[in-house]
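Shown next, in structure tokens, is the structure this report addresses.
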Amino acid sequence: MIEPFRNFLLGLVFLLLLLLTPLVAVGILSPPSLPSTVLGAVAYEVKIDSLPETYEYTLPQRLTNNNLRPASYRATIVRVEGQNPDQINATLYFEDSNTDTVRLMPGDSATILLKVTSATGAIETYRILYQITAE
Amino acid sequence: MSSPTLLRLIDEAILPSIILLVAKFIGLVFIGAYLQLSIVGIFSKSVVLTTEQYLTLNSYASFIMVMVYFLAFAFILLRGFKLHESHISPKAMHLMVSQGLLEMVVSSLKLFHQYIIWGLFSLLTAATLWVYAYNGLIFSWVAGTAVLGSVIFQWLIVLDIEHELRLSEIDSGHHLEILE
């Protein structure tokens, strides 16, 4: 009783493996890998009393042109420099996605929004360092 | 001893698997040679290609794979329509016997197992190509061709099965008439 069932299961597994062939055949050639690339850290100076909330950032043509598949870009805060950095809350997000990551097609450009809030309320100047990473 | 149906399905799945893999591989070699591309490795990330080259190579090689598969599938369907033992014409039967090609006449049991496997493979291939096209890894017209071809082949399978069902209904009706 057990052996026929075991054979049936083995047969089923083998059949399922064979059914994976189309996936293997289509994916026989791996796409060229685009390593996770840090496009560079950017320092941006903000003055608490006159905050610029948006910052236009156009992705380098080198990446957008060579990368025909959609690529993910991430914008992250690296460091905040100033008098009371702990009091500063800085966030970055892409205009289209409202998150810190965006997927772009070749030729697309992206606008990164920088939002800074301060708990002190004093007129202070800070340097926001952030980086853009492409995967 | 495993299930006879399962064994038959496995048996029928081997040929389309080989056809897909070999056709894709030959497609890669030929298109790669035609485009004078140096492919260092497959199944790895070490392929030395630009994205444009990859897209062209993968698309045309996949197109060759799909066309070879559809050609073989068309042959299976042609056998189903013309050389199916349940409704082969006397003229075709005579031709097969006279040419010593009686093995070309296919039984319903074998044919329907082939339909299941070949139909399933074509759907899976089309779906995979669609996902690749969606992710920009293949030209969308290749996926479109695969999907369209796959749908047409499924339709032809349904036509043949419906034809077979009508024949069996006629046969059973005939039996009833005799019994009455």
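By convention in this document, chain letters (A, B, ...) are assigned in the order of the sequence lines, proteins followed by strands, and residues within each chain are numbered from 1. Only a predicted model underlies this, so the values are computations on that prediction, with no experimental measurement involved.
Cluster membership for A/Leu16 and B/Trp118, using ILVMFWY side-chain heavy atoms within less than 4.5 angstrom, is shared. Under the 4.5 Å side-chain contact rule for hydrophobic residues, B/Ile138 and B/Leu35 share a cluster. There is no path of hydrophobic side-chain contacts, each under 4.5 Å, that joins B/Ile116 to B/Val151. Note on B/Trp141: it clusters hydrophobically with B/Ile31, by side-chain heavy-atom contacts below 4.5 Å among ILVMFWY residues. B/Leu15 and B/Ile10 fall within the same hydrophobic cluster, defined by Ile, Leu, Val, Met, Phe, Trp and Tyr side-chain heavy atoms under 4.5 Å apart, directly or through other members.
A search for side chain to side chain contact (heavy atoms under 4.5 Å, CB included) contacts involving B/Ile161 returns B/Phe112, B/Tyr115, B/Ile157, B/Leu165, not counting sequence neighbours.
With respect to chain A, the highest number of heavy-atom pairs below 4.5 Å among B/Ala61, B/Ser17, B/Ala127 belongs to B/Ser17.
For the pairing with A/Leu15, the side-chain contact (heavy atoms from CB on, under 4.5 Å) check across B/Asp11, B/Leu7, B/Leu9 returns one residue only, B/Leu9.
Counting only heavy atoms from C-beta outward, the side chains of A/Pro22 and B/Leu20 approach each other to under 4.5 Å.
Proximity to chain A is limited to the side chain of B/Leu120, based on heavy atoms less than 4.5 angstrom apart. In this structure, the portion of B/Ile117 lying under 4.5 Å from any heavy atom of chain A is its side chain and not its backbone.
Legend: side chain to side chain donor-acceptor pair (under 3.5 Å) pairs involving residues 121-130 of chain B, not counting sequence neighbours, sorted by first then second residue: B/Ser122-B/Ser150, B/Ser122-B/Gln154.
Within a 6.0 Å sphere centred on CZ of B/Phe153, heavy atoms belonging to other residues, nucleotides or ligands number more than 12.
At a heavy-atom cut-off of under 4.5 Å, chain A is reached by B/Met65 from residues 63-96 of chain B, listed in order of number.
Nearest heavy-atom pair, A/Thr21 versus B/Leu21, reported as atom, atom and distance to 0.1 Å: CG2-CG, 3.6 Å. The minimum heavy-atom distance linking B/Leu6 with A/Gly11 is given by the pair CD2-C, 3.6 Å.
Atom CG of A/Leu19 is separated from atom CG of B/Leu123 by 11.0 Å, given to the nearest 0.5 angstrom.
Through side-chain heavy atoms spaced under 4.5 Å, either directly or across other Ile, Leu, Val, Met, Phe, Trp or Tyr residues, B/Leu109 is tied to no other residue.
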